[in-house]
Amino acid sequence: MDGNGRWAKAHHLPRVAGHRAGAQAVRRTVESAIRHGVGWLTLYAFSSENWRRSPGEVLDLTGLLRAYLRSEVRELRSQGVRLRFIGERSRFDGDIVTHLDEAERETAGNTRLNLTLALSYGARAEIATAARTAARLVAEGALRPEDIDESCFGDLLFTAGMPDPDLIIRTSGEQRLSNFLLWQSAYAELLFLDVLWPDFGPEHFAGALAEFAHRERRFGARPGD
Ligand code: FPP
């Protein structure tokens with residue numbers, strides 16, 4: 001979800017206004033996903049690197065997250081949305097951690113849309129943590145090195161039990177993954193859109209699905225295999 005800052009600048013507004021407009025785009029996108037029957041949606045809302053922004057901006061972003069959790073979870077729950085959070089949640093203030101834990105617990109029985117927010121998330125840290133866990137399990141005798149395969153390693157990631165993404169959309173014209181789901185995106189289709197995140201609407205969501213439907217996915221195999 002890139003481009004909040006540039007959107008604010010283009011509208012002669014403070015950066016926080018861009019993030020607020022970005023939060024509205026999150027609401028629209030969740031509605032679009034439900035309308036199109038998309039089963040899994042993961043939004044990169046706060047990266048590990050975002051902690052390095054100015055204290056004021058970090059406060060704005062965490063404040064928006066807090067407000068989103070307070071105002072939205074009940075509605076999402078009634079719409080059949082299951083919420084999950086990936087990332088180092090312990091870095092957030094205690095009340096936010098409590099909201100995150102509660103939201104996961106309260107929506108655990110829902111199946112219509114699996115909505116995951118990546119918060120304080122960084123893929124390299126996720127992979128390093130999984131490697132550390134595997135090493136510890138081996139040292140304790142609970143895991144044999146020869147049993148560490150892709151499936152076993154995947155179960156040590158934040159995304160254990162979740163399907164790999166089919167399509168990754170990045171807004172704002174930047175063409176990189178920026179430490180997002182690096183392990184999980186091995187065969188994902190990538191789509192880079194020239195729209196700033198706050199302007200991302202139902203037409204862009206529908207367009208992305210149409211583009212995805214045209215992609216030929218071979219997962220490394222030759223055509224006809
Ligand atoms: C990138 O724009 C966006 C972020 C760092 C934060 C994303 C946050 C939201 C969409 C709002 C809050 C989310 C929730 C779930 C309530 P940028 O600031 O890097 O934009 P720029 O590259 O144009 O400066």
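Counting starts at 1 for both ligands and their atoms, in listed order.
- Closest heavy-atom contact between Pro198 and Arg28: O-NH2, 2.8 Å.
- Here the side chain of Arg170 pairs no donor or acceptor atom with the backbone of Gln175 at under 3.5 angstrom.
- Scanning the protein heavy atoms around atom 20 (O) of ligand 1, the nearest turns out to be Gly5 N, 2.9 Å.
- Considering only non-hydrogen protein atoms, atom 11 (C) of ligand 1 sits nearest to His19 O, 3.5 Å.
- In this comparison of Arg53, Met1, Arg6, the heavy atom closest to atom 19 (O) of ligand 1 sits on Arg53.
- Considering only non-hydrogen protein atoms, atom 9 (C) of ligand 1 sits nearest to Asn4 ND2, 3.7 Å.
- Hydrophobic clustering, defined by side-chain heavy atoms of Ile, Leu, Val, Met, Phe, Trp and Tyr closer than 4.5 Å, leaves Leu64 isolated from every other such residue.
- With a 4.0 Å heavy-atom cut-off, ligand 1 is reached by the side chain of Trp197 but not by its N, CA, C or O.
- For Asn50, no nitrogen or oxygen atom sits less than 3.5 Å from a nitrogen or oxygen atom of ligand 1, counting backbone and side chain alike.
- Contact of the Tyr68 side chain with the Leu76 side chain is registered, since non-hydrogen atoms from C-beta on lie closer than 4.5 Å.
- Relative to atom 12 (C) of ligand 1, the option among Ala23, Gly173, Ser178 with the closest non-hydrogen atom is Ala23.
- Among protein heavy atoms, atom 16 (C) of ligand 1 sits closest to Tyr68 CB, 3.5 Å.
- Using a 4.5 Å cut-off on side-chain heavy atoms (C-beta onward), Gln184 and Phe158 make no contact.
- Taking the ring centroids of Phe92 and Trp51, they lie under the 6.0 Å cut-off.
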Could you tabulate the donor-acceptor pairs under 3.5 Å formed by side-chain atoms of residues 16-25, not counting sequence neighbours?
unit_1	atom_1	unit_2	atom_2	d
His19	ND1	Asn4	ND2	3.0
His19	NE2	Glu57	OE2	2.8

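- In this structure, the ring of Tyr44 has its center less than 6.0 angstrom from the ring center of Tyr121.
- When only interatomic distances are considered, the shortest N/O to N/O separation between Asp2 and ligand 1 falls below 3.5 Å.
- Contacts of Lys9 with ligand 1, taken as heavy-atom pairs under 4.0 Å, are absent altogether.
- At a heavy-atom distance under 4.0 Å, only side-chain atoms of Leu61, from C-beta outward, approach ligand 1.
- With hydrogens left out, the protein atom closest to atom 6 (C) of ligand 1 is Ala45 O, 3.4 Å, a heavy atom.
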